[in-house]
Amino acid sequence: MEHVVLDLQTTLFCGQSFGWLQEGDTYSAVLDGKLVRIRQENILEKCSQDLFLQHYFDMDWEYLKAESYLGSLGYPMADAVAHAQGLHILNQDPWEVLIGFILSQNNNIKRITQMFQKLGKEYGTQVESGRYSFPTQKQLQKATETELRALGMGFRAPYILDAIQKSSLLDTIPLLEFEDALLQLMTIRGVGRKVGSCVLLYGYHRMEAFPMDTWMKKAMARWYPHETSEIFSPYAALAQQYLFHYVRTLEES
DNA sequence: GGCCAGGCCCCAG
DNA sequence: CTGGGGCATGGC
């Protein structure tokens, strides 16, 4: 099977990021304060000119090796890999990931994206007509619970406020072992094991993470009822992402 | 018009 | 420490 370098459609809309928009074959998001536009055809070109994008799209990680190993595990993992060729784990801003996944609880990806973009429009910086950066901690500090609830954040409003309050702990996460890092994140209200795992994976590229959401619980119960993430080591996070994508694809069809 | 969504908090037992 | 109800909101 031909190895796909990076598949934008799958990577950007597999539920790891809530900041991307699609118009035709063009994908755009505000990254690092700038509006980025990119198409499947010009990924390599863009990344070769821009080290930030090269890192953001995780172009140098061992996806070929990981796909090969997970593919060797047979059904259903081999099928899951085949259905998500070219899926990369993005290197996102931990702060954005933290708020994004606080929004994610008891919610659906469509509405998470809408809520995430609402925060940008309300508290972020406009970088182009109608396009806003995600607000920094300082920008979000202006928010009150009443405002956030009026914006539609619902019961997550106080969680966002607590995350702002404790946002400095994000700086210490890279220094910590996985479990310690998870415990630190879980001191934030609204952050449990699942949300914390997502922050460690999508914000800090901790590939040993294995976020267990409702879909993953179904997938594990169905295919690996007596196993843990250990069987996918050292590619647990990627296995999780492939399975997550796979079960959702099956459900839709 | 209910149902449900990439969970977590809280409080019974 | 484990289990289950409740939670704000809107897309479907």
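Numbers restart at 1 for each chain; the letters A, B, ... are given by sequence-line order, proteins then strands. Note that the structure is predicted; figures quoted are calculated from it, not measured.
- Contacts of residues 233-247 of chain A with DNA chain B (heavy atom under 4.0 Å): Gln240(A), Gln241(A), Phe244(A).
- Close approach of DNA chain C to chain A, defined as any atom under 4.0 Å from a non-hydrogen atom of the protein, starts and stops at dC7(C) to dC12(C).
- The list of salt bridge (Lys or Arg N to Asp or Glu O under 4.0 Å) pairs with a residue in residues 205-226 of chain A, not counting sequence neighbours, is empty.
- Note on Tyr202(A): a base of the nucleic acid sits closer than 4.0 angstrom, heavy atoms only.
- Looking at Gln85(A) and Glu67(A), their side chains come closer than 4.5 Å, going by heavy atoms from C-beta outward.
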Worksheet, complete the sentence: Whether each nucleotide of nucleotides 7-13 of chain B has a protein heavy atom under 4.0 Å at its base (B), only at its sugar-phosphate (S) or at neither (-) is summarised, 5' to 3', as BSSS---
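- Between the side chain of Gln16(A) and the backbone N or O of Leu90(A), at least one donor-acceptor pair lies under 3.5 Å.
- Taking Tyr224(A) as the reference, Phe232(A) meet the ring-ring contact (aromatic ring centres under 6.0 Å, His included) condition, with sequence neighbours excluded.
- Under the salt bridge (Lys or Arg N to Asp or Glu O under 4.0 Å) criterion, the residue pairs touching residues 13-34 of chain A are Asp32(A)-Lys34(A), with sequence neighbours excluded.
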Discussion item. Between Trp223(A) and Tyr246(A), does the ring-ring contact (aromatic ring centres under 6.0 Å, His included) criterion hold? Intermediate values first, please.
Written reply: CA-CA 12 Å; Trp223(A) 291 307; Tyr246(A) 189 51; 5.6 Å; yes
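- Chaining together hydrophobic side chains whose heavy atoms lie under 4.5 Å apart places Leu35(A) alongside Val30(A), Val127(A).
- Nucleotides dG6(B) and dG6(C), compared at atom P, are 22 Å apart to the nearest Å.
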Discussion item. If a pair means Watson-Crick or G-U wobble with both distances below 3.5 Å, what does DNA chain B look like in dot-bracket form, with | marking bases paired to a different strand?
Written reply: .||||.|||||||
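- Residues passing the side-chain hydrogen bond (donor to acceptor under 3.5 Å, both in side chains) test with Asp162(A) are Lys166(A), sequence neighbours excluded.
- Listed by chain and number, the residues in a ring-ring contact (aromatic ring centres under 6.0 Å, His included) with Tyr159(A) amount to none (sequence neighbours excluded).
- For residues 143-153 of chain A, the set of pairs meeting the salt bridge (Lys or Arg N to Asp or Glu O under 4.0 Å) definition, not counting sequence neighbours, comprises Glu145(A)-Arg149(A).
- If you measure from atom CZ of Phe13(A) to atom P of dG6(B), you get 15 Å, rounded to the nearest angstrom.
- With sequence neighbours left out, His55(A) forms a ring-ring contact (aromatic ring centres under 6.0 Å, His included) with no residue at all.
- With a 6.0 Å radius and a threshold of 12 heavy atoms from other residues, nucleotides or ligands, Glu177(A) has its CD atom at or below the threshold.
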